[in-house]
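Contents: one structure, followed by commentary.
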Amino acid sequence: EDIKLGFITKFPVPFFATMENAAKAYAEANPGVEIVYGQGTSATDIEGQIALIESMVTQGVQGIAITPVDPTVASTLDKAIEAGVKVVLMDNNIPDWDGRTALATTDNYNAGKIAGGYLKSVLKDGDTLGILEGVPGVPSLDDRVNGMLEGLEGVNVNIVGRGATNCTEELGINVAEDLLTANPDLRAIYAACGPPAAGAARAITNAGIANDDIVLVGFDFCCGEEEALEAGTEDATVAQFPSKMAELGVDALVKAIRGEKVESLIDSGAALVTKDNMAEFK
Amino acid sequence: MNTSTPALAVHQARKRFGAVDALRGVSLAAHAGEVLALLGDNGAGKSTLVKCISGVHALDEGEIQIDGVPVAISTPAAARSAGVETVYQDLALFDNLTPAQNFYCGRELSGPAWLPRGLRFLSSRAMDSHAAEIIDRLKVKLPKFDAPVALMSGGQRQAIAVARAAMFARKVVILDEPTAALGLRESRKVLDLILQLRAEGKAIILITHNMEHVIELADRAVVLLQGRKVGELKPDRTNQQELVSMIVGAGA
Amino acid sequence: MNTSTPALAVHQARKRFGAVDALRGVSLAAHAGEVLALLGDNGAGKSTLVKCISGVHALDEGEIQIDGVPVAISTPAAARSAGVETVYQDLALFDNLTPAQNFYCGRELSGPAWLPRGLRFLSSRAMDSHAAEIIDRLKVKLPKFDAPVALMSGGQRQAIAVARAAMFARKVVILDEPTAALGLRESRKVLDLILQLRAEGKAIILITHNMEHVIELADRAVVLLQGRKVGELKPDRTNQQELVSMIVGAGA
Amino acid sequence: MTAVSLGLRLLSVGPLLILFALIVVISFLTPHFLKPGNISNILAQTAVIAIVAMGQHLVILTRGIDLSVGANLALATVIGALAYRVADSSVVVILAMVVTGGLVGAVNGIVYVFGRLPHPFIITLATLSVCRGLALEFAVGHTTMRGMPDFVSSLGGSWIFGAPNSFFVVFGVAAILLVLTRMMVWGRWTYAVGGKPEAAVQMGIPVRWVLVSAYVISGLCAGIGAVVLAGRTQAGSPLYGNLLELDTIAAVIIGGASFLGGRGHIGHALIGAVMIGVIRNALNLLGVDVFFQMIAIGLVIVIAVEGDVLRNHLEARARTMQAGRA
Amino acid sequence: MTAVSLGLRLLSVGPLLILFALIVVISFLTPHFLKPGNISNILAQTAVIAIVAMGQHLVILTRGIDLSVGANLALATVIGALAYRVADSSVVVILAMVVTGGLVGAVNGIVYVFGRLPHPFIITLATLSVCRGLALEFAVGHTTMRGMPDFVSSLGGSWIFGAPNSFFVVFGVAAILLVLTRMMVWGRWTYAVGGKPEAAVQMGIPVRWVLVSAYVISGLCAGIGAVVLAGRTQAGSPLYGNLLELDTIAAVIIGGASFLGGRGHIGHALIGAVMIGVIRNALNLLGVDVFFQMIAIGLVIVIAVEGDVLRNHLEARARTMQAGRA
Ligand SMILES: Nc1ncnc2c1ncn2[C@@H]1O[C@H](COP(=O)(O)OP(=O)(O)OP(=O)(O)O)[C@@H](O)[C@H]1O
Ligand SMILES: Nc1ncnc2c1ncn2[C@@H]1O[C@H](COP(=O)(O)OP(=O)(O)OP(=O)(O)O)[C@@H](O)[C@H]1O
Ligand SMILES: [Mg+2]
Ligand SMILES: [Mg+2]
């Protein structure tokens with residue numbers, strides 16, 4: 001029996017493009033599965049994602065695999081479930097919501113802890129740290145910072161500044177430059193997404209600071225981080241596995257629709273990437 | 001000269017715009033039932049004086065009295081409620097409104113009275129019919145009574161503005177060059193209207209560059225020159241030349 | 001009547017705005033060295049005719065000839081380069097520019113000539129001094145020559161607009177109520193200027209509601225009534241009454 | 001009735017005609033479009049833009065602009081969510097949101113008017129920034145706060161007679177504003193102030209208060225929009241209403257009002273909002289990808305506006321023909 | 001020179017004075033602010049806004065608005081990055097970016113003018129959407145494309161004489177636009193069109209081409225901004241320039257130009273851009289947290305503009321006093 005699914009991602013960046021491609025590959029490999037795709041326009045496009053869910057239901061999908069941009073899409077998903085649609089979440093959970101069939105995710109908080117653990121291994125008491133945040137108010141991005149802070153517990157690091165970058169390289173450079181100016185003794189920078197990490201690398205180079213004098217840790221392993229790791233400006237980053245996430249999520253959805261039992265929590269994992277092991281993650 | 005209390009009196013009005021001394025101590029009085037011509041060459045300060053009386057500008061120094069009582073005319077609304085109506089040189093018409101809407105703009109007929117003004121309901125039909133009456137009485141021909149005034153000719157627009165002031169004036173009507181853009185027929189109508197307002201006992205201040213009109217209508221004329229009052233007389237055929245030389249400053 | 005080729009001729013001009021027939025087949029001719037008065041009551045279509053001649057509006061039907069040659073005057077630039085200058089009723093002054101900048105707006109003195117016009121460098125000093133000369137010759141008093149015209153009085157603004165047209169006219173000058181806002185002295189100056197333009201051999205079309213001016217200046221008068229030409233005559237004291245009745249349509 | 005006057009009557013319906021054309025084209029392209037469920041979806045998806053656009057319309061009527069509506073709405077939902085934590089009462093929560101919206105509007109209006117700012121752009125841009133900051137600061141955990149009282153949820157998410165409840169909210173707001181602008185003195189003053197501000201001063205209209213009230217009403221509309229959105233999502237979030245300022249301005253202008261002030265009516269804002277909603281919904285139904293959606297939305301907006309320009313032109317021509325015949 | 005006329009002279013420097021006051025306050029708050037390195041940072045961080053704001057200023061001079069600048073810049077960087085993959089030549093890459101910017105500007109201008117649109121808001125909003133969509137579509141992998149020729153990189157990221165190279169680009173653009181607007185016929189026409197469009201038509205100015213050219217120059221400035229930004233990040237990205245339209249409009253208005261058209265000069269755009277750059281930099285230096293940054297930016301912008309209003313008021317008063325004494 002043929003199955004029609006909706007596959008909704010957040011907004012146009014390579015991470016979600018990779019997920020979409022994995023889903024397309026899955027559909028090709030499984031002839032009975034038809035997938036329709038949808039994507040919002042930005043990290044804050046909540047209303048757009050709600051409209052997408054509604055139009056998928058209108059089109060008669062049996063299941064939706066979605067990377068929820070914000071917990072508030074839950075009530076719309078509830079309506080979809082009332083209409084008999086099964087929902088699998090990907091990338092991040094919706095806290096306190098029990099409508100999901102399964103969740104396939106990188107636990108951002110845990111992944112943040114990985115970054116924190118790395119920083120803990122290279123910093124000592126009294127060192128200074130600057131944080132380049134993602135988009136203020138977006139839970140998965142906030143988790144990356146909060147998880148990092150937990151992972152860092154144990155060394156007494158002095159946090160000297162937290163600026164928002166909206167996950168862009170432009171703002172990443174600016175904020176990093178200003179952090180370096182205000183804190184000539186800055187020991188480390190942590191960026192919650194890829195583009196500002198690349199921006200910070202450029203700011204460090206521009207400021208003429210030697211690679212060894214400062215620790216730069218990013219997140220996502222994308223968008224220029226590869227070059228920065230190669231050059232030694234960036235020391236480490238955290239990689240996720242989007243295609244695995246998408247594949248596991250869609251597979252769980254298909255199984256659930258066919259009446260099979262599925263795990264409710266599917267971790268697609270995260271890993272620390274450094275110059276030494278980066279070849280494995282390309 | 002009339003010795004009764006003037007309906008409108010201005011004492012030692014001074015007004016400066018940046019470096020320009022527009023009024024340098026002008027006094028005048030307008031009495032009920034008379035037409036006072038306010039004369040002067042371009043830039044003499046006539047419009048400035050009018051705007052100060054009607055609350056658009058505030059005087060730097062000087063005093064304004066209505067019926068002998070000093071009043072603070074700080075806004076156009078204050079001037080209107082003191083009974084002073086003005087036809088501005090630029091007409092102050094709303095291009096996007098119809099003639100009737102223009103007529104009542106700022107004092108719409110509305111109710112019920114216990115509501116705050118802004119929230120009262122418009123009595124559109126009453127306003128339309130009253131305005132139509134007035135326009136009719138003035139024999140102004142308008143192409144369309146329910147179209148915005150945007151596309152009406154200069155004369156038609158001027159007629160609407162004059163009719164508006166005539167309708168609402170209680171004490172004083174000020175007209176800043178009301179016939180400047182008017183044809184013969186409409187000019188005549190405006191002049192007749194001024195006579196009618198005078199007959200109704202209103203004080204009228206008329207600014208014009210047309211000597212014929214001054215001699216025909218004005219009971220008294222005040223002449224400004226570069227922000228100063230340089231003369232005051234009863235205009236007639238015999239002293240027309242004197243008036244002209246006062247205006248152009250040849251007498252000085 | 002003059003039998004030479006007219007400097008400007010209009011044949012059977014028709015123009016309609018939506019439901020309003022502003023011109024219903026008007027023909028007229030203006031000859032070099034004469035002042036043609038274009039008369040008519042408010043809304044008669046005078047300004048509309050002027051705007052069609054000067055390229056602001058396009059005629060619906062009819063033809064315009066310059067020196068006997070039919071020309072397509074589709075833009076104001078075309079009219080200007082055909083030698084027709086216009087003083088519009090609303091003056092067409094730029095409030096944010098100085099008098100000199102207003103004078104030359106649209107045909108700035110600039111160089112070098114091999115560059116496309118927009119990229120030429122302004123000869124500001126030359127423009128300033130020429131403009132100052134003209135203003136001076138017309139004895140217009142301006143409060144400040146290097147300030148924007150925004151705050152100048154109605155008369156001062158009118159004088160600037162008239163001086164601008166006088167300066168650039170080659171064949172025909174059209175003046176739409178040029179003295180409406182002017183005082184005695186400035187009016188006189190404009191009238192003198194018109195006479196001077198006539199002496200220079202230009203054809204002048206003068207729109208005015210002032211009969212004194214018509215009789216003093218006009219060599220011929222054309223009267224419009226509701227978009228139609230209802231009369232043409234040589235105005236003088238003796239036929240003034242006839243003219244007035246034509247204008248107000250009493251003769252019909 | 002002649003062909004010309006029939007055509008004229010059709011044309012004068014204006015942007016509605018363009019909307020209708022759009023709907024016909026789309027329903028040929030996708031069979032899902034005219035399903036009743038989808039129509040309700042469109043109404044629900046459009047409700048927020050429509051409500052806020054009507055407020056924006058009033059501001060544009062006075063020659064102004066309100067860039068703060070989206071951030072104002074976000075702040076209102078957060079305050080509403082906070083109120084819900086204090087009291088599970090619809091009245092309290094709704095009041096909290098609407099009053100927040102109105103207060104922000106009042107700040108816009110008062111600073112603009114009494115601070116003698118040359119244009120409302122700057123102050124509303126500033127409140128945009130301040131409201132977003134405050135919303136993030138106030139939101140517990142700096143993020144979405146879930147939970148709304150039942151009545152609020154039903155406003156945003158339930159249906160009566162096949163239409164979403166939010167549709168009736170839109171309807172109610174439109175009715176009130178229609179009365180206010182067309183039948184009350186305040187509305188006349190608004191048109192006067194937009195038409196010629198200097199003349200409005202000369203005619204003794206309380207121009208400053210009219211301006212302030214336009215911004216207050218725009219803020220109130222943002223607050224009402226917040227109620228509907230919070231009801232729909234059962235949450236308050238500092239991220240809501242992103243770019244809503246551009247959407248609402250676009251709705252007003254697409255609908256046929258004018259930046260020149262003093263021209264247009266509430267219907268324009270509504271039609272524009274529905275047009276935007278219909279286009280987005282259709283692109284979703286057609287499964288058009290995001291990149292192409294952006295391109296398509298841009299093109300359709302221009303086509304809609306150009307269509308209206310053409311319509312106006314034809315209308316003027318037809319009137320002339322009709323007059324010629326009379 | 002009397003005290004009054006000295007005061008007057010000081011006041012007439014205008015928004016520059018507000019900027020100066022801001023700088024004094026900030027340098028008391030943080031010792032890092034006046035470090036030479038930080039000044040270069042500010043210059044580099046402000047360069048893009050400044051360049052694009054100067055183009056925006058021309059459009060605003062003609063009573064228009066250009067909402068597409070940010071998306072246009074993003075598209076230009078993507079096209080530049082694509083060009084780099086074809087030819088590692090600075091000339092080719094720079095041309096690709098600048099021409100892209102100019103073409104988008106031309107589309108804005110031509111559709112607005114010849115499509116007889118009532119206001120440029122709609123068309124530039126549409127090109128905003130279309131350009132973002134195209135940039136995402138064209139970008140290989142729909143994302144940041146790394147790599148720029150050396151010369152481009154040096155424009156965005158290197159220093160001469162302690163000033164970033166981008167500073168000299170800003171300087172060059174400002175010089176060209178200053179000559180164009182103040183010394184050339186085109187500039188006079190632009191002021192005339194902005195001052196009174198109907199009169200400009202009557203005076204035979206080619207109003208339509210003046211308008212089109214303003215949008216083309218705004219587009220070219222977005223293209224030049226793209227070169228500087230791509231040089232700074234050594235990449236092209238469809239996400240660049242987000243909200244740049246609001247930043248540049250704010251810069252122009254904060255700097256002291258007016259939406260009324262025909263008023264203001266290039267310096268206004270520059271001062272406004274630097275003011276925005278200085279505020280953002282200071283908040284970063286002070287380590288102010290994200291949420292409070294948004295609030296602070298809003299407040300400081302209002303204070304700056306209010307300061308200018310006050311200054312104008314004092315100036316008028318001082319002139320009167322001075323005249324009274326003469
Ligand atoms: N708002 C203003 N700001 C600065 N100067 C002004 C302002 N209004 C008028 N002036 C100046 O004040 C002087 C008097 O102007 P006003 O308009 O009162 O003259 P007027 O007598 O009405 O002349 P006209 O007959 O031409 O209308 C003029 O020099 C004018 O330039
Ligand atoms: N752009 C326009 N659109 C529609 N109707 C117009 C337009 N311009 C003028 N009209 C109408 O055309 C008619 C003729 O107007 P016009 O301005 O030519 O009169 P006029 O003879 O100049 O009058 P006045 O002496 O008052 O200036 C009027 O009824 C006017 O309302
Ligand atoms: Mg005057
Ligand atoms: Mg006329």
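What you see below is based on every heavy atom in this structure, not just the backbone, and it leaves out hydrogens, waters and symmetry mates. Numbered from 1 within each chain, the chains take letters A, B, ... in sequence-line order.
- A:Leu229 pairs in a side chain to side chain contact (heavy atoms under 4.5 Å, CB included) with only one of the listed residues (A:Val273, A:Leu216, A:Asp235), which is A:Val273.
- In this model, no donor atom of one side chain and acceptor atom of the other lie less than 3.5 Å apart for A:Asn158 and A:Thr128.
- Here the closest non-hydrogen pair linking A:Ile131 and A:Met148 is CD1-CE, 3.9 Å.
- For a residue to count as touching a neighbouring chain, one of its non-hydrogen atoms must lie under 4.5 Å from one of that chain's; by this rule E:Leu239 touches chain A with backbone and side chain alike.
- Only the side chain of E:Leu229 comes within contact range of chain A, with at least one heavy atom under 4.5 Å from a heavy atom of that chain.
- With a 4.5 Å cut-off on non-hydrogen atoms, A:Pro195 does not touch chain E at all.
- Residue with the most contacts toward chain E among A:Asn183, A:Thr168, A:Thr205, A:Val175: A:Val175 (heavy-atom pairs, distance under 4.5 Å).
- Cation-pi check for A:Lys24 over A:Tyr37 is met; the charged atom lies under 6.0 angstrom from the ring centroid and within 45 degrees of its normal.
- For a residue to count as touching a neighbouring chain, one of its non-hydrogen atoms must lie under 4.5 Å from one of that chain's; by this rule A:Ile173 touches chain E with backbone and side chain alike.
- Of the listed residues (A:Ala198, A:Gly224, A:Cys167), the greatest number of heavy-atom pairs within a distance under 4.5 Å of chain E belongs to A:Gly224.
- When heavy atoms are compared at a cutoff of 4.5 Å, E:Thr233 approaches chain A by way of both its backbone and its side chain.
- Using a 4.5 Å cut-off between heavy atoms, E:Arg132 makes no contact with chain A at all.
- Contacts between E:Val48 and chain A at a heavy-atom distance below 4.5 Å are absent for every atom of the residue.
- Interface remark: E:Phe291 contributes side-chain atoms only to the contact with chain A (heavy atom separation under 4.5 Å).
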Begin from the C-alpha positions of E:Gln56 and E:Ser218 and carry the test side-chain hydrogen bond (donor to acceptor under 3.5 Å, both in side chains) through to its verdict. CA-CA 6 Å; E:Gln56 183 75 260; E:Ser218 175; 5.3 Å; no

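- Between chain A and the residues E:Arg280, E:Gln293, E:Arg232, the largest count of heavy-atom pairs under 4.5 Å involves E:Arg232.
- Only the side chain of A:Glu133 comes within less than 4.5 Å of a heavy atom of chain E; its backbone N, CA, C and O stay farther away.
- For chain A, no part of E:Met145 is nearby; none of its heavy atoms comes within less than 4.5 Å.
- In terms of heavy-atom pairs under 4.5 angstrom with chain A, the leader among E:Leu283, E:Leu285, E:Thr30 is E:Leu285.
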